[in-house]
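Inspection log for the structure reproduced underneath, given as structure tokens.
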Amino acid sequence: FISQFCKIPNDVSIKIDELSRQGKTVMLFYCNSLLGIIAVADTVKEDSRDAISELKSMNIAVAMITGDNKLTASEIASQVSIDTVISEVLPTEKSNAITELKKQGKIAMVGDGINDAPALATAYCGIAVGAGTDVAIDAADIVLMKNTLLDVPAAITLSKKTLRNIKQNFQINFKSKTAC
């Protein structure tokens, strides 16, 4: 975007790529000329890698949908062992990405921000992190009370056990009524 207004020197472009490969989002400052760059990064939650590993062990495919650029998204995904990355997605396009993924099967979306709310509502099951925004929490089907992604596989396990219990109870009740 900023290259429309000023020429970005080659050494700055190299630095931007280097910072992006480290999982950082780079911002350039301009006022008649390029003044400087700042790199910011979200910290990856300590339990993210474990949660993703647990989901994979449950035969659940994990994808990341993000507005980050490809280099930053790829770096973050590699840190937590995510294979499928959809990057450079505008907030309004996240729900479109979920709609496309739903063509492959049932899709759950985990999110915590305003930008995630439409995608949470579009997913087969929206899961909001309890420390997230009110909009995300309102749009979700499930709200995780703690700020840990390890609760995602735990919620799925609990849901499966609950459904199994309901089905067992239904079968017992159905059999006992038909036997009368």
Side-chain angles (χ1 to χ4, degrees), residues 19-25 39-171:
L19 291 166
S20 293
R21 278 192 209 84
Q22 294 172 11
K24 298 175 181 170
T25 299
V40 295
D42 288 329
T43 54
V44 175
K45 293 180 182 182
E46 291 180 27
D47 60 1
S48 297
R49 187 178 185 87
D50 293 338
I52 290 162
S53 175
E54 202 168 320
L55 288 167
K56 286 181 173 183
S57 74
M58 298 166 72
N59 292 321
I60 296 173
V62 179
M64 180 171 76
I65 303 172
T66 180
D68 288 333
N69 68 54
K70 288 180 183 180
L71 288 174
T72 301
S74 293
E75 173 55 29
I76 293 167
S78 72
Q79 289 176 27
V80 294
S81 299
I82 292 177
D83 302 318
T84 303
V85 180
I86 303 169
S87 59
E88 299 178 0
V89 178
L90 295 173
T92 55
E93 296 172 340
K94 281 188 178 184
S95 61
N96 295 341
I98 292 293
T99 299
E100 285 300 309
L101 288 170
K102 281 172 71 173
K103 293 176 182 176
Q104 299 173 25
K106 294 179 181 174
I107 299 295
M109 164 72 182
V110 180
D112 64 357
I114 293 170
N115 296 338
D116 297 325
L120 288 167
T122 302
Y124 178 76
C125 179
I127 304 172
V129 177
T133 63
D134 288 343
V135 175
I137 290 169
D138 288 344
D141 301 299
I142 297 172
V143 178
L144 305 176
M145 299 310 292
K146 299 178 197 164
N147 196 23
T148 174
L149 292 177
L150 284 169
D151 283 346
V152 173
I156 293 168
T157 300
L158 178 62
S159 296
K160 287 180 178 182
K161 287 180 179 179
T162 302
L163 281 174
R164 186 182 68 225
N165 214 11
I166 290 168
K167 289 175 184 177
Q168 286 172 344
N169 287 336
F170 180 73
Q171 288 173 350

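Since the structure is predicted, the reported quantities are computational estimates derived from the model, not experimental observations. Start at 1 with the first residue, then count along the sequence.
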### Query
According to the side-chain hydrogen bond (donor to acceptor under 3.5 Å, both in side chains) rule, which pairs have a member within residues 139-154, sequence neighbours left out?
K45-N147, D47-T148
#### Entry: Pairs meeting criterion side-chain hydrogen bond (donor to acceptor under 3.5 Å, both in side chains) with involvement of residues 73-82, two or more places apart
R49-S81, E75-Q79
Residues which pass side chain to side chain contact (heavy atoms under 4.5 Å, CB included) with [X], listed by chain and number, not counting sequence neighbours:
{"X": "Q168", "answer": "R164, N165"}
{"X": "A77", "answer": "M64, I82, V85"}
{"X": "I60", "answer": "L55, M58, I156"}
{"X": "K167", "answer": "none"}

### Query
Of the non-hydrogen atoms in G23 and I76, which two are nearest, and what is the gap between them?
O-CD1, 4.0 Å
#### Entry: Where A51 and P153 come nearest, the two heavy atoms and their spacing
O-CG, 4.1 Å
### Message
Going by the rule salt bridge (Lys or Arg N to Asp or Glu O under 4.0 Å), which residues pair with D50 if we only count those two or more places apart in sequence or in a different chain?
### Response
none
### Query
Judged by modelled atom types alone, do N96 and T99 share a side-chain donor-acceptor pair under 3.5 Å?
no
### Task
Answer yes or no: is there a side-chain heavy-atom contact under 4.5 Å between I52 and L149?
no
### Minimum side-chain heavy-atom gap I98-I65 below 4.5 Å
yes
### Task
For E100, enumerate each residue passing the side chain to side chain donor-acceptor pair (under 3.5 Å) test, keeping only those at least two apart in sequence or located in another chain.
K103
### Query
Quick one: side chain to side chain donor-acceptor pair (under 3.5 Å) partners of T66, sequence neighbours excluded?
D68
#### Entry: Contact list for residues 123-137, test salt bridge (Lys or Arg N to Asp or Glu O under 4.0 Å), sequence neighbours left out
none
### Query
Which pairs, with at least one residue in residues 78-93 and sequence neighbours excluded, count as a salt bridge (Lys or Arg N to Asp or Glu O under 4.0 Å)?
K56-D83
### Query
Donor-acceptor pair, T72 side chain versus K24 backbone, under 3.5 Å?
yes
Could you list the donor-acceptor pairs under 3.5 angstrom formed between side-chain atoms of residues 111-128 and any protein atom two or more places apart in sequence or on another chain?
{"from": "D116", "atom 1": "OD1", "to": "K94", "atom 2": "NZ", "distance (Å)": "2.8"}
{"from": "D116", "atom 1": "OD2", "to": "D112", "atom 2": "N", "distance (Å)": "3.0"}
{"from": "D116", "atom 1": "OD2", "to": "G113", "atom 2": "N", "distance (Å)": "3.1"}
{"from": "T122", "atom 1": "OG1", "to": "P118", "atom 2": "O", "distance (Å)": "2.8"}

### Message
side-chain contact (heavy atoms from CB on, under 4.5 Å) for V89 and I86? Distances and angles first, verdict last.
### Response
CA-CA 7 Å; V89 178; I86 303 169; 3.5 Å; yes
